[in-house]
2 protein chains.
Amino acid sequence: MNDTIHLLTRHRSERSFQTRSVDEELLSAIIQTGHKAPSAFNAQHISSVVVRAPETRQRIAELAGGQPWIATAPVFITLIVDFHKTAQGVARAGAEQHIHRCLEGMLAAATDAGIILSTMMTAARSLGLGVVPVSGIRANASAMIELLQLPEKTFALCGMALGYVLHPAAQKPRLPISSFRHDERYDPHAIAPAIGEHDQAMLAHWQRQQRPQPQSWSSSVGQRYSHNYRPQLRNQLRANGLDIE
Amino acid sequence: MNDTIHLLTRHRSERSFQTRSVDEELLSAIIQTGHKAPSAFNAQHISSVVVRAPETRQRIAELAGGQPWIATAPVFITLIVDFHKTAQGVARAGAEQHIHRCLEGMLAAATDAGIILSTMMTAARSLGLGVVPVSGIRANASAMIELLQLPEKTFALCGMALGYVLHPAAQKPRLPISSFRHDERYDPHAIAPAIGEHDQAMLAHWQRQQRPQPQSWSSSVGQRYSHNYRPQLRNQLRANGLDIE
């Protein structure tokens with residue numbers, strides 16, 4: 001089709017990196033693509049913190065629940081939901097910010113962060129680097145706030161490790177596209193057969209990867225989504241001035 | 001740098017489209033890139049609804065608060081936060097889903113939706129199409145649920161209109177990169193000067209665009225973020241089985 005489509009359809013989350021550093025020129029180009037990404041109402045409520053220092057990456061690797069690739073890859077970029085920045089604009093307009101206490105604000109910011117994360121992952125991959133997106137930093141939101149010295153009304157939503165790949169990862173199967181693409185309206189009958197097929201595909205994938213205990217998709221999503229696996233998140237955000245009324 | 005970086009740094013939200021249709025082959029390639037995008041814990045809690053029917057696009061244009069380009073562009077893709085799909089996987093594992101009632105679930109899904117939206121916008125632009133991301137459909141969440149016949153535990157988070165551009169848009173200025181990129185830790189002193197500079201840049205931008213009432217960034221974010229501009233959203237989601245405890 002074209003090189004960009006080719007790149008995008010071949011996304012794999014890499015978890016094995018060389019320690020070789022990433023040139024500042026490349027890093028700067030990557031971050032500029034995120035900076036130019038669209039933002040709802042031009043609110044620009046996302047910031048980034050670029051971490052190269054090994055001891056900080058080691059700490060993030062621990063806070064993210066033990067993700068050694070964050071310590072190995074030479075760069076980790078954290079995306080910050082930043083209602084501290086917008087609050088200053090609101091104050092300049094002579095008003096007081098309220099949106100950081102609303103579901104709408106959270107959804108707008110998380111969507112924009114996803115847009116920026118994806119943009120920068122694509123940019124990095126187009127430059128020959130490997131990336132892995134990371135949501136695990138939400139497991140210890142307060143500690144991330146402290147580590148990166150984040151001000152009130154902000155938190156670290158997600159991030160990405162990037163660097164030169166050591167052992168390339170395999171691409172993970174997806175649910176059949178019939179469960180992802182609906183035409184004109186949602187087709188509820190498409191879901192069950194797609195899940196049946198995907199459960200088999202994931203078992204086969206993990207067997208190929210020689211994982212000791214291969215798990216179907218239903219089994220893994222069942223394990224994770226049957227409970228609030230980050231129960232402390234809401235209170236940790238509230239403690240930094242962010243809430244959902 | 002390279003074509004992908006060039007494309008990404010030149011993002012503009014297009015709001016003027018030809019009525020010329022988009023070939024199914026192109027559309028399919030675009031959607032496949034979104035389908036292959038990364039998903040936290042491989043949960044794949046996002047679905048899409050592709051709308052070509054003019055009367056449905058006309059209705060979405062109205063529900064999104066009056067966005068005529070949704071009716072003009074030949075295709076509108078809605079991204080659905082889909083905890084209906086994951087609930088079926090959880091049930092197969094013999095458990096009951098809880099994550100759709102948690103802040104963590106919402107943040108994970110909205111981030112993934114942003115990743116998919118960005119991936120598909122980049123794919124579309126690489127094929128010579130123009131795109132505009134749309135969050136306005138959250139203004140009438142219940143009506144979108146009804147229109148697209150979305151099942152329980154789902155809602156329409158965001159979307160994109162795409163098509164061939166008629167009158168190319170100008171790229172909107174961004175806050176200086178000093179307010180977006182921090183190194184090693186967050187620098188709170190970078191924000192105020194960046195806002196001052198950006199307020200001037202936005203006024204100049206709107207004057208160039210001959211907008212009758214040019215508005216600084218602080219003024220526009222002040223107007224929007226000083227109140228809950230989508231106060232009904234939370235109850236409309238709750239009515240469809242989604243909540244944040």
Side-chain angles (χ1 to χ4, degrees), chain A residues 1 4-5 8-9 11 13 29 31 33 35-36 38 40-41 44 48-50 85-86 89-90 92-93 95 97-99 102-104 107 110-111 114-115 118-119 123 126 133 135 148-151 175 177 180-183 185-186 188 191 218-219 221-222 224-228 230 233-234 244, chain B residues 1 4-5 8-9 11 13 29 31 33 35-36 38 40-41 44 48-50 85-86 89-90 92-93 95 97-99 102-104 107 110-111 114-115 118-119 123 126 133 135 148-151 175 177 180-183 185-186 188 191 218-219 221-222 224-228 230 233-234 244:
Chain A
M1 185 66 73
T4 303
I5 302 281
L8 293 170
T9 48
H11 174 85
S13 290
I31 291 168
T33 66
H35 182 235
K36 295 291 190 182
F41 300 113
Q44 301 180 67
S48 62
V49 179
V50 175
K85 188 157 59 178
T86 54
V90 177
R92 271 188 201 230
Q97 183 172 264
H98 183 69
I99 202 68
C102 306
L103 177 59
E104 166 60 25
L107 291 179
T111 306
I115 291 174
S118 166
T119 302
S126 82
S135 67
L148 302 180
Q149 300 180 18
L150 303 182
L175 281 156
I177 197 152
F180 177 74
R181 175 184 174 161
H182 302 264
D183 281 274
R185 61 193 62 78
Y186 192 100
I191 308 300
S218 289
S219 167
V221 81
R224 183 155 287 273
Y225 275 13
S226 54
H227 66 289
N228 189 357
R230 280 168 191 155
L233 180 64
R234 201 167 168 197
I244 292 179
Chain B
M1 186 64 73
T4 303
I5 301 280
L8 293 169
T9 47
H11 173 85
S13 290
I31 291 168
T33 65
H35 182 234
K36 295 291 189 182
F41 299 114
Q44 301 180 67
S48 62
V49 179
V50 175
K85 187 158 57 178
T86 53
V90 177
R92 272 187 199 232
Q97 184 172 264
H98 182 70
I99 202 67
C102 306
L103 177 59
E104 166 60 25
L107 291 179
T111 305
I115 291 174
S118 166
T119 301
S126 82
S135 67
L148 301 181
Q149 301 180 16
L150 303 182
L175 281 156
I177 197 151
F180 176 75
R181 175 182 175 163
H182 301 262
D183 281 274
R185 61 193 63 78
Y186 192 100
I191 308 302
S218 289
S219 168
V221 82
R224 182 154 289 274
Y225 275 13
S226 53
H227 65 290
N228 189 358
R230 282 171 189 154
L233 179 64
R234 205 172 164 191
I244 292 179

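Every chain is numbered from 1 and lettered A, B, ... according to where its sequence line falls, protein lines coming before strand lines. Basis for what follows: all heavy atoms, side chains included, without hydrogens, waters or symmetry-related copies. What you are looking at is a predicted structure, and each value in this text was computed from that prediction instead of being measured.
Per-residue heavy-atom pair counts under 4.5 Å with chain A were compared for P38(B), P188(B), S135(B), and the maximum is reached by P38(B). Interface remark: of the candidates H227(B), R224(B), Q149(B), R224(B) forms the most heavy-atom pairs closer than 4.5 Å to chain A. Contact tally against chain B (heavy-atom pairs below 4.5 Å) for V90(A), V50(A), I244(A): the top residue is V50(A). The candidate from A29(A), S126(A), A40(A) with the greatest count of non-hydrogen atom pairs under 4.5 Å with chain B is S126(A). Between chain A and the residues L233(B), N228(B), L150(B), the most heavy-atom pairs under 4.5 angstrom are made by N228(B). When A95(B), S226(B), S13(B), A93(B) are compared by the number of non-hydrogen pairs under 4.5 Å with chain A, S226(B) comes out ahead. Comparing E104(B), H11(B), R185(B) by how many heavy-atom pairs each has under 4.5 Å with chain A, the most go to E104(B). For chain B, the option among T111(A), L148(A), D183(A), V221(A) with the highest count of heavy-atom pairs below 4.5 Å is T111(A). Between chain A and the residues Q97(B), R234(B), M1(B), the most heavy-atom pairs under 4.5 angstrom are made by R234(B).
Only the side chain of F41(B) comes within contact range of chain A, with at least one heavy atom under 4.5 Å from a heavy atom of that chain. Contacts of P133(B) with chain A are made by side-chain atoms alone, with heavy-atom separations under 4.5 Å and no backbone atom involved. Interface residue A123(A): backbone and side-chain heavy atoms are both found under 4.5 Å from chain B.
Here the NE2 atom belonging to H35(A) is positioned 5.0 Å from the CD1 atom belonging to I177(B), to the nearest 0.5 angstrom. Atom CG of L175(B) and atom OG1 of T86(A) lie 10.0 Å apart (nearest 0.5 Å). Distance check, rounded to the nearest 0.5 Å: CZ of R230(A) to CG of L103(B) gives 11.0 Å.
Across all non-hydrogen atoms, the minimal contact from Y186(B) to V49(A) is N-CG2, 4.3 Å.
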Verify side-chain hydrogen bond (donor to acceptor under 3.5 Å, both in side chains) between T119(B) and S118(A), making sure each step is shown before the conclusion.
-> CA-CA 6 Å; T119(B) 301; S118(A) 166; 3.1 Å; yes
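L8(A) is not listed as a side-chain neighbour of K36(B), based on a closest heavy-atom distance of 4.5 Å or more.
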